[in-house]
Amino acid sequence: NVARVDANGLVTAVGQGTATLTATVGAFNSTNSVTLTVNPVVPNLVHEYKFNETSGTTAADSKGSANGTVNGDAAFSGAGQIVLSGNQGSSVTLPPGILAGFDDVTIETWVTFPGAINHFANLFAFGNTDTTPLDPNQNFGFNYITFSPNAGGTTSQANFGQGVPGFSGERDAVMTGVLDNQSNVHIVVIFHPSAGYEAFYTNGVLAASNSMFNVLIDPVALVGPAFTNHSILTYQLANDPLNYGLGPDPLNYIGQSLYVNDSGLLANIDEFRIYNGPLTPAQIAADYALGSNQLLGTSTSVSLSASISGGNIVLKWPTTSAL
C-alpha cells in the first residue's frame with residue numbers, strides 16, 4: 001500500500017504511509033532494514049492566464065506575477081480567449097525561469113482547434129535553444145518540455161527533450177490520433193520525474209503516458225554534481241550551457257516551438273494553468289467536469305441545499321467548493 005519494488009529493484013511510491021524495506025542479492029540477505037516514509041506531493045496552482053483582456057500585448061497572470069507578452073498577430077478575443085492564427089510568431093511569451101526549481105510540473109488548459117493543426121506546432125514549449133555560443137547555424141531546441149497536438153499528422157504527444165538537439169534524446173508520451181477540429185478540449189500534461197513518468201489527459205481521461213528520466217534510472221544522474229533530492233527537470237550542470245534538464249528555462253512559449261522551422265499553432269486558448277506538481281486523476285476529472293475558469297475548492301466541509309422541482313430532488317453546492 002505504500003511502495004512497490006520492481007524486478008530491477010526500483011522502488012516506486014504507491015501511497016502515503018511508512019514501509020520497511022529489506023534487500024536480497026542472490027543468497028545474501030540484509031541484516032538491517034530501511035524505513036521509507038512516503039509523503040504526498042501537493043500540486044499548487046502558481047500561474048494562471050485567463051486571457052480576459054480586450055486589447056494590448058500583456059497577458060495577465062491572475063495567480064502570480066509572471067505576466068506574458070502577446071506576439072505577432074495573436075490577439076485577445078474579448079471573450080476570455082487568446083486567438084493564435086497559425087502563423088509563425090503568433091504566440092505568447094512567458095517570463096524566463098517560470099519553471100525554474102520545479103521538480104514536477106502540470107500544464108492544464110482548455111483549447112479549441114478551429115481547423116487543421118500545422119504539423120509539429122506546439123501548444124506550449126518551455127526550455128532552451130542552441131543559438132550562440134553553441135552553434136549559430138542551428139536553431140534546434142534542447143532540454144525542453146512541449147506538447148504537440150498534431151505531431152506529423154498521426155499522433156499527439158507530450159515531449160521531454162534532453163541534450164542537443166533535444167529531439168535526439170526525446171522521451172515522449174504518444175497518443176494515436178490528432179486534435180484537429182476539436183472544440184473546448186481540456187488538455188492536462190504532467191511531467192513527473194519524481195515518480196518516473198510523463199502523461200497527458202484529454203477531457204478528463206488518460207490519453208498517453210510514458211516512463212520519464214528520474215534520479216534513479218537516468219544516466220545523467222551519474223554526471224556530477226549530485227541531484228541533492230531534485231529531479232531531472234531542475235537539474236543544471238555548473239558551467240555547462242547544455243545542462244541536462246530545464247535548468248533556468250530561459251525560453252517559454254504558448255503556441256510556439258523552440259525549433260524555428262516549426263509552424264505556428266492555430267488555436268483559441270481559453271485558459272492556461274501551471275502547477276508546481278502533478279495533478280491526480282481525480283483532480284483532472286473534477287477540473288474537466290467544472291470547466292474553465294472554475295477552481296477546485298479546498299474546503300472538506302460543504303453545505304448542500306436541497307429543493308424539489310418537477311418531481312425531482314435537486315441538490316446544489318458551490319462550484320468553488322468542488323473536490
Side-chain angles (χ1 to χ4, degrees), residues 6 10 12 86 99 104-113 115-128 140-214 217-220 231-233 244-246 253-259 261-267 269 272 274-275 278-281 284-285 287-288:
D6 69 12
L10 179 65
T12 302
L99 302 185
D104 307 281
V105 64
T106 297
I107 308 295
E108 180 177 37
T109 186
W110 284 259
V111 189
T112 291
F113 301 103
I117 302 170
N118 292 323
H119 292 186
F120 301 108
N122 283 177
L123 176 57
F124 62 81
F126 298 88
N128 297 269
F140 296 132
F142 70 88
N143 302 333
Y144 53 74
I145 58 173
T146 69
F147 180 78
S148 303
N150 184 327
T154 58
T155 63
S156 305
Q157 58 191 54
N159 315 298
F160 170 49
Q162 184 183 34
V164 176
F167 62 77
S168 64
E170 269 191 16
R171 185 68 61 89
D172 305 327
V174 181
M175 178 191 79
T176 300
V178 297
L179 300 180
D180 300 43
N181 300 296
Q182 295 195 29
S183 298
N184 198 32
V185 185
H186 178 226
I187 299 172
V188 179
V189 188
I190 301 171
F191 297 93
H192 191 14
S194 297
Y197 76 88
E198 58 182 313
F200 75 90
Y201 292 70
T202 58
N203 294 335
V205 178
L206 177 65
S209 64
N210 193 19
S211 62
M212 188 179 177
F213 307 101
N214 69 17
I217 64 175
D218 190 342
V220 173
S231 82
I232 188 67
L233 286 184
Y244 283 96
L246 289 183
Y253 301 111
I254 300 173
Q256 181 171 321
S257 173
L258 293 174
Y259 293 82
N261 292 327
D262 283 347
S263 301
L265 180 71
L266 177 65
I269 302 176
F272 192 91
I274 301 175
Y275 300 81
L279 290 182
T280 66
I284 293 169
D287 276 354
Y288 171 61

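The structure displayed is predicted, hence computed values, not measured ones.
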From [atom1] ([X]) to [atom2] ([Y]), nearest 0.5 Å:
| X | Y | atom1 | atom2 | value |
| --- | --- | --- | --- | --- |
| T154 | M175 | OG1 | CE | 10.5 Å |
| L99 | Y144 | CG | OH | 15.5 Å |
| N159 | T146 | CG | OG1 | 3.5 Å |
| L233 | F160 | CG | CZ | 5.5 Å |
| D104 | H192 | CG | NE2 | 5.0 Å |
| D180 | I117 | CG | CD1 | 4.0 Å |

Kindly say whether [Y] contributes a backbone atom to a donor-acceptor pair with the side chain of [X] at under 3.5 angstrom?
| X | Y | value |
| --- | --- | --- |
| S156 | P149 | yes |
| R171 | S211 | yes |
| N150 | G153 | yes |
| S263 | G86 | no |
| N184 | W110 | no |

Test item: Q256 and L265 side chains (from C-beta on) under 4.5 Å apart, heavy atoms: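 In short, these two side chains do not touch, never coming nearer than 4.5 Å.
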Contact check, side chains of I269 and I254, non-hydrogen atoms, under 4.5 Å: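 I269 reaches I254 side chain to side chain.
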Residue among D262, N122, D172 satisfying side chain to side chain donor-acceptor pair (under 3.5 Å) with S148: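 Only one of D262, N122, D172 forms a side chain to side chain donor-acceptor pair (under 3.5 Å) with S148, namely N122.
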H186 and Y288 aromatic ring geometry - parallel, tilted or perpendicular at 30°/60° bounds: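 Taking H186 first and then Y288, their aromatic rings lie parallel (interplane angle under 30°).
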Test of ring centre spacing under 6.0 Å for F191 and F147: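 No, the ring of F191 stays outside the 6.0 Å limit from the ring of F147, centre to centre.
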Test log, rule side-chain contact (heavy atoms from CB on, under 4.5 Å), inputs V189 and F124: CA-CA 10 Å; V189 188; F124 62 81; 3.9 Å; yes
